[in-house]
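Shown next, in structure tokens, is the structure this report addresses.
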Amino acid sequence: MDEEFTEAVLSVVEQIPPGSVATYGLIAERLGRGGARQVGRVMSLYGQAVPWWRVVRANGTLPAHLMIDAQQYWRDEDTPVRNGHVVVKDALAPGF
DNA sequence: CGTGTGACTGGGC
DNA sequence: GGCCCAGCCACAC
């Protein structure tokens, strides 16, 4: 994985508007390279620098240790949530 | 070069 | 909804 991929991922994440989300897999697709795991890797290393809570798993959840803070952000941004997880189908950012 | 690991996923039950 | 599993791919040992 190189710097270019990393920046491309962070760049896409920064473009996700408040109240909406994108999934690891879709971001990877959008970039046309790497895979969901690679996007996840970038997020684990540099996620703190971007709105990481707008990037969720295909099922609308995140690792347990992030769910706590994410819940707060989602509520603040009025993101479609149901039973503690994002309703991806409804919250998907425009263009995804 | 083989193995294990992980902010992942889709399919099957 | 949950569990299992194979496929995924970069990276550390």
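Note that this is a predicted model, so its numbers are computed, not measured. Chain identifiers are assigned alphabetically (A, B, ...) following the order of the sequence lines, protein sequences preceding nucleic acid strands; residue numbering begins at 1 within each chain.
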>> Just the rounded figure in Å: distance from C1' of B:dG6 to NE2 of A:His65.
In response: 11 Å
>> Generate the contact string for nucleotides 1-13 of chain C. Rules: B means base contact, S means sugar-phosphate contact only, - means no protein heavy atom under 4.0 Å.
In response: S-----BBBSS--
> Once you round it to whole Å, what is the distance between P of B:dA7 and CZ of A:Phe5?
Replying inline: 16 Å
>> For A:Gly19 versus A:Pro80, what's the shortest heavy-atom pair and its separation?
In response: O-CD, 3.5 Å
> In whole angstroms, how far is the C1' atom of B:dT9 from the CD1 atom of A:Ile27?
Replying inline: 14 Å
>> Using a 6.0 Å cut-off, check whether atom CD of A:Gln48 has over 12 heavy atoms from anything other than its own residue.
In response: yes
> With side chains defined as the heavy atoms from C-beta onward, is the minimum distance between A:Val50 and A:Met43 less than 4.5 Å?
Replying inline: yes
>> Could you tell me how far apart A:Tyr24 (OH) and B:dA7 (C1') are, to the nearest whole angstrom?
In response: 3 Å
> Within this structure, what is the CD1-to-C1' distance between A:Ile68 and B:dA7, rounded to whole angstrom?
Replying inline: 13 Å
> A:Leu62 CG to B:dG6 P: how many Å, rounded?
Replying inline: 17 Å
>> Just the rounded figure in Å: distance from P of B:dT9 to CZ of A:Arg30.
In response: 16 Å
>> Distance to the ring centre below 6.0 angstrom and angle to the axis at most 45 degrees; does that hold for A:Arg33 and A:Phe5?
In response: no
>> Can you tell me which residue among A:Asp69, A:Leu62, A:Ile68 is in a side-chain contact (heavy atoms from CB on, under 4.5 Å) with A:Leu66?
In response: A:Leu62
> Once the angle between the rings of A:Trp53 and A:Tyr73 is folded into 0 to 90°, is it parallel (under 30°), tilted (30 to 60°) or perpendicular (over 60°)?
Replying inline: parallel
>> What is the separation between atom CZ on A:Arg57 and atom C1' on B:dT9, rounded to the nearest whole Å?
In response: 11 Å
